[in-house]
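Report on one structure; see the data block that follows.
Chain identifiers are assigned alphabetically (A, B, ...) following the order of the sequence lines, protein sequences preceding nucleic acid strands; residue numbering begins at 1 within each chain.
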Amino acid sequence: EERPAPFDAPEDVTIALIRYISTGDFFQAYLSGVEAQAAALGVNLRVLDSRQDAALQADMVDQAIALGVDGIIIQHGLPESMKDAAQRAVEAGIDVVAFDVEVDNPAIPQVEQSDYLLGELALEQALADNGDRFTAGYVYVPGIAPLDRRNAAWEDFKDAHPGVTEAAVFGTLDNPIANSVANQARAVIQANPMINIFFAPYNEFAAGVKIAVDEMGLGEDIAIYSADISTSDIAAMREPGSPWAATVATNPTVVGEVSVRTLALLMAGEAPGQQVIVPPTLITQDFLNDNAITNMETLSENMPQFSHAEVALADWLPLPER
Amino acid sequence: MALVVYFSLAASGFANPRSAVFVLQSVAITGILALGVTTTLVVGGFDLSIGAVATTSLMLAAYCMVVLEQPAYVAVAVCLLMGAFIGLINGLLIVKFRIPDLLATLGMMFLLIGLQRIPTQGNSIATGMSLADGSTAEGTFSAAFLWLGRHRFDLILERLIPVPVVVFVLIAVAIWLFLGFTRHGRLMYAIGSNERATALVGAPVERYKIAAYMISGVTASIGGILLAARLGRGDIASGNNLLLDSVAAALIGFAVLGAARPNAFGTAMGALFVGILLQGMTMMNAPYYTQDFVKGAVLVVALMFTFYLSSRRGQSGRH
Amino acid sequence: MALVVYFSLAASGFANPRSAVFVLQSVAITGILALGVTTTLVVGGFDLSIGAVATTSLMLAAYCMVVLEQPAYVAVAVCLLMGAFIGLINGLLIVKFRIPDLLATLGMMFLLIGLQRIPTQGNSIATGMSLADGSTAEGTFSAAFLWLGRHRFDLILERLIPVPVVVFVLIAVAIWLFLGFTRHGRLMYAIGSNERATALVGAPVERYKIAAYMISGVTASIGGILLAARLGRGDIASGNNLLLDSVAAALIGFAVLGAARPNAFGTAMGALFVGILLQGMTMMNAPYYTQDFVKGAVLVVALMFTFYLSSRRGQSGRH
Amino acid sequence: MQASVLDIQGIHKSFGNNQVLRGIDMRINAGEVVVLMGANGAGKSTLVKVLSGYHAADHGQMQLAGKPYSPRDAREAIHQGVVTVHQSIDDGVIPDLDVANNLMLDRLTSGAHGLWVSAKKLRQQASEVADAMGLDIDLNARVADLSVADRQMISIARAMAHAPRLLILDEPTSSLSATEAERLFTVIDRLRAQGVAIVYISHRMSDIRRLADRIICLRDGQISGVFDQAPLDLTAAVHAMLGQAINNADIEPATPGAPILTLHNVELAKGAAPVSLSVGDGEVVAFTGLLGSGMSALVETLFGLRPLSSGTMQVDGQPYAPGNVREALARGVFMSVKDRATNGVIGDFNIADNMTLPFLKAFTRGAFLSARQQRASTEQMIAQLGIVCQSHADSIGTLSGGNQQKVMIGRWLQSPSRVLLLDEPFQGVDIGARQDIGRHIRATAKGRATLVFVSELDEAIEIADRIIVLHEGAIAGEQSNRDIDLNALVAQASGKA
Ligand SMILES: Nc1ncnc2c1ncn2[C@@H]1O[C@H](COP(=O)(O)OP(=O)(O)OP(=O)(O)O)[C@@H](O)[C@H]1O
Ligand SMILES: Nc1ncnc2c1ncn2[C@@H]1O[C@H](COP(=O)(O)OP(=O)(O)OP(=O)(O)O)[C@@H](O)[C@H]1O
Ligand SMILES: [Mg+2]
Ligand SMILES: [Mg+2]
């Protein structure tokens, strides 16, 4: 069928992915989604990676402008440093899409995995499993944007459910994160033996808490609710007697695909909307066990809403092969 | 130490065997790495690559078992060899090519951080992950391997002492004996103090220096193996914090017992000290950012006393 | 350097003024910090606290403007004073309390990492954040402050040279002149080589050492200010890699021109070298994990040549 | 004819294009002390380093006891029985270890010692080694806390502990006092009797007279004379090493001008009689004495390194009590310190920077140092003191020991001083150069008071107008340098007068 310009000659189209952060499974999977969708479209992709240097990330936008790319995806970053850079790109006539960074620009659609929703869904599952009276340990490191947004869900949840007590808040991003969090979690459990729920809204945190709970032999007494998922998390959740009850996640690969599709729509002159939200999915331990899921691929196969998001679609837009 | 008493009073549940073991467990891996650094400090060097060696070993162990589907002992052997090999390279760069130690091991650190990610294109390693050729990895972390990170020996209480703690204690004792009481250890101290003079009495200085880096590489790889066994997965991580924490432990070790020089006993104590501090503070619900602050403050104050007093004592000193 | 040529050929768009400025811009802040480390290396010391000083300065600047609603010049002044003060404390710990430099500055690093998070309970600082007393912070980063990070001077092309690059170049030239061509610099090198002999010719050794740490503190705080100005907020997560990258630059600087000793010109070149490498690789679409690997490999190989050759030349050398 | 221990033929060694050894042939026999004489920079230490495996020769052969010998490092040399005490004292000891470990260091390197170090056995064996040398040092003391003389003795004691085949001593007495040197000589006599071949390097005539069986003179990297007919002709040997005779120019003591430095009732050691003295303008006064005589105390008090315990001092009639080195310098009191390696030489610097270090301010133009003026001043000094080097930009570490010492002295002669203190200025300086320097110091003595502290009487006699002998912190004797009564001086120094 006929594709709109500029995708009638996709080999002349170059898009840039400008990343704030890249280390870790989530970001790696996101990239693979971007790559898959870009390949399906047949466009050239240039990846610029600032390795958590927000200032450098802003420069990279300028660099992309200088390179004359046709579209830019900004992946994460700090609003303050990206706002002006994004504006410069728009002024240079480049189509820009932002993923998970608030650049506050009407010309730039925002792709989001709703972190608030992610937290909220996990907490609702905790409520469903445990009733509205429990003592929780909460893992949180302030200052990290997605964690801050998930924190908002936790704060609202606490206000709404007075029966929920927060016995301890802890957390660290010391590398390897799971190991450091495990050390902390053990001390916390020891000091607060009444804790029966952990809210650990980041999979590395949850993996750490799980190690501590296993080491203390409390798998039966404690349940962990988290956000995000990876292949190794699936294995951890499915271990016999695993305390990791449920996690809520958006598929990072899908998010990557959606980001590229949103940009493509924008470049073709079709309005993708100001906000494109990739809905999160609840994944419980039971679901994984019942369907004998072993990795992200089998999870996708068993959970259509996880493997594909019905957002940012168009007839002319080819989807990556499955 | 006063610290233990304070936390016992302040946080219920602090002072009991289990709690003591937790502290040991939480410092075991850093401690093992710190013992390696200590060995390089003794010969007047420094090893910045330990954190990266540990995470490389973590990834390598996972890769061996999950992707190559090798048994546990092969994974362990490969990791230990890798550690020794990296130590050898570090040593050769420093001894043969005369690259300053900080520089050589920093280069090695970057190299390893990159290298460990290449086989999996930057992904963590877990059973069921899909491989580049489209198939999925079928290997698992064998029970024998996980035993290394998770088994607990009975002692007084049932299932009390985890394997990593035993390994830590064994390595600490071994390195303490080696550095303090063998002629090799004595010569290594001599090298650290005056390399040229030691060479001129006929000691094989280069071999000792290389050996120190190899010990450091091997201990770091042991740390990585234990980490892998504890995590049960091959997590991508930079190991920067492992590096800083173990350097801190080794340096605090200088001050222990007023030795004012690197020593294995001090390093083990230094690691424990930091562990007790963090454990105590976490139990008291102190937010994470105060922990760094207290860690720094205690470190500075303790050292001020140690070094100020020891410089008073031997005023004449080298100065 | 061959590197530039290689990348120019391999990646279109590498060799043009804008691209050169990108490289400069991306290394400006690390480079400024590295120059401070160089100064401490010259007096035979080492400053591990620079990364933490820079982030503290970043947070402090944001705190001054956003929470305390002070104008830009106050924020800048406060940060510079803070840097000088931390340097002074580092220097006193090392000189008066005789704490080994690595140890003293490591303690300071932990202390600062903790300290900088206490006023905001670990949160980043941005306009509109809610304060402990329930109100919201109303201050903003003033335009004058942001100018420091974002303004670009015209040179050949319009809006080409950003302020941080100008600051970097100015500091590099200043420190290069200071260390290489003034008597103070010469005495600092002398202290690094033989402290006692330098004291015996009447040089105020302690004051010079303290001064070196103060310079390092001030340059680190300048780095922090520029970072704050570029980010436009007090982000606690920024600056993680500052320490290692600037140490790398300073150490690579040893090798530049075969000087085999710390020098400001070498440090600036070292920073540039790393910048060009990373920039080039990014432009060639290399995945992030290969960048670390290549950085390490190039570093090691380049240094092998430099040091091996220089040790051939002056065989006898100090060794 | 005794058995030959070492035979060398045609040894060449050069550093860059500086040819240091140019075809050395020699033979050293068992039970013989061969003294190597040579001016500073002649190549003695370089030869020693070739023999001990530190440097590899460029050409030439060596045979040890008839077998080819070409050690690749110190380890191989030692294994074959060639033990060396190097000129640089810092190359002989481990500062952070205690005395016992330092004495036993070489045994630790051999597997024969066993894996485990028993503190008790170590201490016992160490005390045997110490006793053999008559060393009286606390075995538990850290070497870093010891004096240079003690360090020197430790490395000598260690080397001499087990009779090697060939023992090489490179200026072992440069930091030793007469008593310690005598102890060394006794042990050398014993080893010689046991059939050890010994190569001995010294610039001290008294050592050479006492020990030499044979003298080999080295000049510009070649052998310029061999003397083995008893009695050894020292004058001819000095001529061979310098290429010219030295005239023992008798000193004409100058009449001192107005007093510049005066000391009144200064107590140098607890309970010792207080010292009073005065040194006039243009006068050169040498102080000498044995270990513990109070020389260090005097030097250090004068230079602000030690607080004035009691009494008063004056410079130019003004009270003088420096609290630190800078206050001393500010009053025009300069000092060339002893033990150059630890106290003087900036190893990373070249000659010019080392030389001009104290007076950098004077070489500053505007804000910056003027390299041209540094060079001019340095080149002038290099010429005046006869420093053997390729250029002013040579790294100081490439100079021979004696030439480094000349740089250290030159450092303080560049700028006029009121009081010039020279503490052991001739450590490692050859006789010819010593006289040149002495002459230079005397020639420029006008306008200042010069105090020279030496432990060798010869050196005092060569330079001073007046000689003061210290003993246990008090002045034991004083003579003008005309018709010196040597015996009286020696007796006063040892407290027997
Ligand atoms: N490592 C080196 N690199 C370059 N030149 C050197 C080196 N070592 C020695 N030299 C040069 O070789 C020459 C001989 O030095 P050597 O140390 O052998 O003299 P020496 O006879 O021992 O003198 P001294 O009596 O002063 O100790 C000197 O000119 C010196 O500058
Ligand atoms: N740091 C000190 N504290 C107390 N007494 C000291 C100290 N140093 C030296 N003395 C005493 O002062 C006296 C003089 O010692 P000093 O070191 O001046 O001897 P010296 O003649 O200079 O020996 P040398 O020439 O071998 O160095 C001795 O009685 C010595 O014990
Ligand atoms: Mg010599
Ligand atoms: Mg003395």
Side-chain angles (χ1 to χ4, degrees), chain B residues 46 48 52 89 93 96-100 102-104 106-118 120-122 195-196 236 238 240 243-244 247-248 251-252 254-255 260 287-308 310-311 317-319, chain C residues 46 48 52 89 93 96-100 102-104 106-118 121-122 195-196 199 236 240-241 243-244 247-248 251-252 254-255 260 287-308 310-311 317-319:
Chain B
F46 205 98
L48 286 175
I89 303 283
L93 288 176
K96 294 288 175 204
F97 290 91
R98 313 263 162 133
I99 305 183
L102 284 173
L103 198 40
L106 185 83
M108 184 55 80
M109 179 185 104
F110 286 127
L111 221 141
L112 288 176
I113 290 180
L115 198 60
Q116 74 195 30
R117 292 171 184 189
I118 291 179
T120 58
Q121 285 91 44
E195 186 173 328
R196 174 126 91 150
I236 284 290
S238 68
N240 284 351
L243 171 65
L244 281 177
V247 168
L251 290 179
I252 293 175
F254 270 55
Y288 79 102
Y289 49 86
T290 57
Q291 302 196 0
D292 274 326
F293 177 70
V294 172
K295 189 153 106 187
V298 170
L299 205 146
V300 169
V301 171
L303 295 169
M304 257 163 57
F305 277 102
T306 320
F307 280 90
Y308 191 59
S310 85
S311 79
R318 282 186 283 169
H319 245 254
Chain C
F46 204 96
L48 287 175
I89 304 283
L93 287 175
K96 295 290 175 201
F97 289 91
R98 314 262 162 134
I99 304 184
L102 283 172
L103 198 40
L106 185 82
M108 183 56 79
M109 178 186 102
F110 284 126
L111 224 141
L112 288 176
I113 289 179
L115 198 61
Q116 75 198 26
R117 292 176 180 191
I118 291 181
Q121 284 90 46
E195 189 173 325
R196 186 174 159 126
I236 41 160
N240 284 342
N241 299 323
L243 173 64
L244 280 176
V247 167
L251 290 179
I252 295 174
F254 269 58
Y288 77 99
Y289 47 84
T290 55
Q291 301 198 1
D292 272 323
F293 177 71
V294 172
K295 185 155 111 188
V298 170
L299 206 143
V300 168
V301 171
L303 295 168
M304 257 163 58
F305 278 102
T306 319
F307 280 90
Y308 190 61
S310 86
S311 79
R318 284 185 287 163
H319 242 251

*Residues forming a side chain to side chain contact (heavy atoms under 4.5 Å, CB included) with B/L102, sequence neighbours excluded*: B/F46, B/L48, C/F46, C/L251
*Proximity breakdown for C/M109 and chain B, heavy-atom pairs closer than 4.5 Å*: side chain
*When heavy-atom pairs shorter than 4.5 Å are enumerated against chain C, which of B/T290, B/I118, B/V247, B/L93 gives the highest number?*
B/I118
*Return the minimal non-hydrogen interatomic distance between C/F110 and B/L244, and the atom names on each side.*
CZ-O, 4.5 Å
*Below 4.5 Å from any heavy atom of chain B, which atoms of C/I99 appear? Answer side chain, backbone, both or neither.*
both
*Portion of B/Q121 that has a non-hydrogen atom of chain C nearer than 4.5 angstrom*: both
*Roughly how far, to the nearest 0.5 Å, is the CG atom of C/L106 from the CD1 atom of B/I252?*
8.0 Å
